[in-house]
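Values below: all heavy atoms of this structure, side chains included; hydrogens, waters and symmetry mates excluded. Letters go in sequence order (proteins before strands), and every chain restarts at 1.
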There are 2 protein chains.
Amino acid sequence: MARRAGVSRATVSYVLNNAEAVRISEPTRRRVREAAEELGYVPHAAARSLRAGHTRIVLLPTPHVPIGPLYSTFLNELQWALRRLDYTVVQYGSLGLSGDEAVRAWAELRPVAVISLGEITLTSHNVATLKRAGARAVITMGPVGVPGAHALVMDQQEVGVRAAAHLVERGRRRIGVVVPREQGLELFSAPRLAGARAVAGAEVEALPMAYTEESAAELAARWRGLGLDAVFAYNDEYAMLLMRALQDEGLRVPGEVAVIGADDLLVGRLLRPRLSTVRIEMPTGDHLASLVDHAVREPSEVTERHDLMAAEAVHREST
Amino acid sequence: MARRAGVSRATVSYVLNNAEAVRISEPTRRRVREAAEELGYVPHAAARSLRAGHTRIVLLPTPHVPIGPLYSTFLNELQWALRRLDYTVVQYGSLGLSGDEAVRAWAELRPVAVISLGEITLTSHNVATLKRAGARAVITMGPVGVPGAHALVMDQQEVGVRAAAHLVERGRRRIGVVVPREQGLELFSAPRLAGARAVAGAEVEALPMAYTEESAAELAARWRGLGLDAVFAYNDEYAMLLMRALQDEGLRVPGEVAVIGADDLLVGRLLRPRLSTVRIEMPTGDHLASLVDHAVREPSEVTERHDLMAAEAVHREST
DNA sequence: TTGAAAGCGGTACCAG
DNA sequence: CTGGTACCGCTTTCAA
């Protein structure tokens with residue numbers, strides 16, 4: 001590239017980066033630009049960041065399973081927001097890697113920030129490794145903070161609390177809580193169950209169920225024997241499935257059993273009775289992105305905790 | 001790191017990469033490993049790939065909008081499959097960039113493969129730029145191939161064909177086709193509409209509609225004036241929304257109007273009548289990943305075309 | 001068995 | 001205004 005334009009590598013660098021510090025003559029600039037165009041020359045990101053000593057990579061560990069529309073939308077937004085701030089988003093799947101192995105693999109990329117959603121539980125040693133490797137921000141989202149990391153608390157427990165409290169308010173006592181049989185959802189389902197258990201006046205029973213019609217029908221078939229008068233069904237999708245199965249079994253909703261979901265999906269309003277739900281106020285992707293950006297530029301305020309998630313019960317017709 | 005263990009950088013490299021070619025004494029290996037552990041040393045991926053002359057990056061341009069559960073699941077699977085083959089997946093959002101700018105930005109990362117889903121339409125010049133930058137495989141997924149790229153044909157048009165043909169078979173003629181008002185879905189909706197238009201015996205009318213209850217109600221309110229006896233509603237989510245609105249308007253489904261969706265979502269079976277749909281046979285993530293892997297190792301067979309998507313109508317109760 | 005040194009492709013300093 | 005050069009961290013050849 002350099003000799004194609006008949007100049008030195010240094011000059012090429014100056015021209016292509018519009019360096020202010022040095023003055024390059026107009027004819028030279030033109031020659032360089034033309035040569036670059038002609039050769040389809042594109043600078044090499046690895047070489048650049050090697051020299052610079054840092055990258056603009058934000059590492060986002062990939063969830064093991066699809067997490068539902070609410071969360072996907074949030075992640076998608078987050079990616080776009082980071083892009084706009086000129087970060088490069090790297091999705092990194094870590095299935096089959098132990099926590100330490102995964103962290104080492106991440107550190108190889110020298111990300112400037114890591115946003116861990118909880119697929120892997122970070123230790124403070126892990127956080128230290130990442131920081132030594134150049135990470136200026138390590139952000140964990142989950143119920144519990146990690147020393148040395150920024151904690152963005154998104155407390156799923158609150159969802160369970162709101163659901164159970166809503167049912168109790170409406171006079172229900174014996175509450176079933178659906179726990180998905182699908183692997184990888186424990187991160188969400190366990191705190192939601194725990195939240196429901198924490199509500200005074202609720203007698204909670206965990207009900208494993210898979211996201212299939214068969215599993216829902218099987219649960220509905222033995223419903224009368226369970227002696228429950230309400231169910232919090234993990235989220236709207238499981239709730240819809242179970243509500244239908246209960247109705248097919250001849251049970252009246254909400255008469256004999258109240259049903260509430262979570263996520264406030266539009267489709268929940270299409271069933272009859274309309275599904276009651278817990279609306280979750282997710283932080284916007286822009287918001288989290290700017291938090292990340294801030295943490296990268298100002299890594300001083302390390303242990304700050306931000307509470308980001310709010311939840312409220314929405315009464316419709318199924319409770 | 002090197003002097004921490006009292007050896008040279010070369011020795012460190014040998015030990016950490018388990019180099020077969022050279023024999024290192026066991027005591028030395030141990031010293032190196034211990035020092036690495038102690039310092040939390042992790043090799044620098046950029047330096048490594050700079051030296052190696054190539055990366056294991058697979059670049060995946062991010063869709064502008066969430067694309068629906070079927071597609072998200074596919075993308076998620078694809079990422080995991082690529083990970084298992086030891087590739088690093090980089091999601092790259094290109095909003096606000098022109099095609100050429102986006103391609104240059106991608107090329108900077110020197111990806112070994114690019115899987116373009118169609119957010120950006122690649123020219124053969126773009127493909128050439130990527131290949132010069134080291135891409136051994138450029139894969140496009142969409143209705144049309146690009147010279148020089150591997151084309152994985154996923155013909156959305158087939159979905160429209162199957163839906164309309166199913167309706168015609170069942171004696172319907174005047175068919176409405178819902179076209180989402182949401183930006184970024186044209187990639188899918190336009191071919192689906194075109195497919196429906198191509199079916200003999202179908203008189204097709206395009207019906208713009210947003211994914212909101214208001215928009216569905218508005219469309220349902222003027223339904224009788226449209227003189228249609230069937231509707232293909234883009235996908236199951238739009239179909240459910242519209243079917244409910246039509247029922248609320250007092251129209252009998254399927255008596256007065258047949259409704260069919262696409263994607264075969266589980267929730268479609270929860271409404272009454274159960275929603276007819278077009279089931280789409282997506283390629284598995286593993287399949288595409290191994291195709292990518294093969295293309296990377298054997299870049300010779302460049303212009304091969306693979307047809308990957310099949311679709312069939314599933315009759316339930318709404319048609 | 002180990003070390004010295006070259007070189008990957010950029011950037012930035014200093015000299016001319 | 002432009003070129004030479006050192007250096008970022010790693011791999012790999014060649015010598016010792």
Side-chain angles (χ1 to χ4, degrees), chain A residues 1-36 39-57 88 104-112 129 132-135, chain B residues 1-36 39-57 88 104-112 129 132-135:
Chain A
M1 162 68 206
R3 69 165 156 285
R4 181 69 183 73
V7 300
S8 74
R9 290 199 298 171
T11 309
V12 172
S13 176
Y14 293 141
V15 172
L16 265 43
N17 295 319
N18 294 314
E20 306 282 333
V22 287
R23 320 205 61 72
I24 306 281
S25 69
E26 203 41 58
T28 308
R29 307 183 93 89
R30 240 197 19 254
R31 281 222 311 290
V32 171
R33 293 228 163 83
E34 279 168 10
L39 300 180
Y41 169 83
V42 173
H44 193 305
R48 191 197 300 250
S49 61
L50 181 57
R51 173 66 226 231
H54 60 259
T55 69
R56 299 274 298 167
I57 291 176
T88 299
R104 260 204 298 278
W106 301 348
E108 291 194 359
L109 299 175
R110 298 293 188 272
V112 70
T129 301
R132 252 196 314 266
Chain B
M1 164 66 205
R3 68 164 156 287
R4 180 70 182 74
V7 299
S8 74
R9 295 198 298 171
T11 309
V12 173
S13 177
Y14 292 141
V15 173
L16 266 42
N17 295 317
N18 293 313
E20 305 284 331
V22 284
R23 316 204 62 74
I24 305 280
S25 68
E26 203 42 57
T28 307
R29 307 184 92 89
R30 239 197 19 254
R31 281 224 309 290
V32 171
R33 292 229 163 82
E34 278 167 10
L39 300 180
Y41 168 83
V42 173
H44 193 304
R48 192 200 296 255
S49 60
L50 182 58
R51 170 67 224 228
H54 60 258
T55 69
R56 298 275 301 168
I57 292 176
T88 299
R104 262 203 296 279
W106 300 350
E108 291 195 359
L109 299 176
R110 298 293 188 274
V112 69
T129 301
R132 253 196 313 266

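- Projected onto DNA chain C by closest heavy-atom contact, B:S25 and A:S13 fall at different nucleotides, the more 5' of which corresponds to B:S25.
- Counting to the nearest Å, the C1' atom of C:dA5 and the CZ atom of B:R51 are 11 Å from each other.
- Counting non-hydrogen atoms under 4.0 angstrom, B:R110 reaches the backbone sugars and phosphates but no base.
- Nucleotide C:dC8 holds its P atom 15 Å from the NE2 atom of B:H54, rounded to whole Å.
- Between the side chain of A:R23 and the base of D:dC1, no donor-acceptor pair of N or O atoms lies under 3.5 Å.
- Distance A:H44 NE2 to D:dC10 C1': 13 Å, rounded to the nearest Å.
- Remark: B:T88 OG1 to A:L109 CG distance equals 6.0 Å, nearest 0.5 Å.
- Judged by closest nucleotide on DNA chain D, B:A46 is the one of B:A46 and B:T11 placed further toward the 5' end.
- Rounding to whole angstrom units, CZ of residue B:R31 and P of C:dT1 are separated by 15 Å.
- At the heavy-atom level, B:R48 lies under 4.0 Å from the strands shown only through sugar-phosphate atoms.
- Atom CG of B:L50 is separated from atom P of D:dG9 by 12 Å (rounded to the nearest Å).
- The distance from atom CD1 of A:I24 to atom C1' of C:dT11 is 13 Å, rounded to the nearest whole Å.
- Between D:dT5, C:dA4, C:dG7, one nucleotide has an atom nearer to the side chain of B:R9 than all others, and that is C:dG7.
- A donor-acceptor pair under 3.5 Å is absent between the side-chain atoms of B:T129 and the main chain of A:G40, judged by distance alone.
- As rounded to whole Å, 8 Å separates atom P of C:dA12 from atom OH of A:Y14.
- Put simply, NE2 on A:H44 and OG on A:S49 are 9.0 Å apart, with the number rounded to the nearest 0.5 Å.
- Taking the side-chain contact (heavy atoms from CB on, under 4.5 Å) definition, one finds that B:E108 meets it with A:V42, A:P43, A:A45, A:R48, sequence neighbours left out.
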Output a table of donor-acceptor pairs, distance under 3.5 Å, between side-chain atoms of residues 14-24 of chain A and any protein atom two or more places apart or on a different chain; print 'none' if there are none.
| residue | atom | partner | partner atom | Å |
| --- | --- | --- | --- | --- |
| A:N17 | ND2 | A:S13 | O | 3.1 |
| A:N17 | ND2 | A:S13 | OG | 3.4 |
| A:N18 | OD1 | A:R33 | NH2 | 3.1 |

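- At the heavy-atom level, B:T28 lies under 4.0 Å from the strands shown only through sugar-phosphate atoms.
- B:V15 comes within 4.0 angstrom of nothing in the nucleic acid, heavy atoms only.
- Rounding to whole angstrom units, CG of residue A:L16 and C1' of D:dT2 are separated by 16 Å.
- Summary of the strand contacts: A:V42 and B:V22 both lie near DNA chain C, and taking for each the nucleotide with the nearest heavy atom, the more 5' one is attributed to B:V22.
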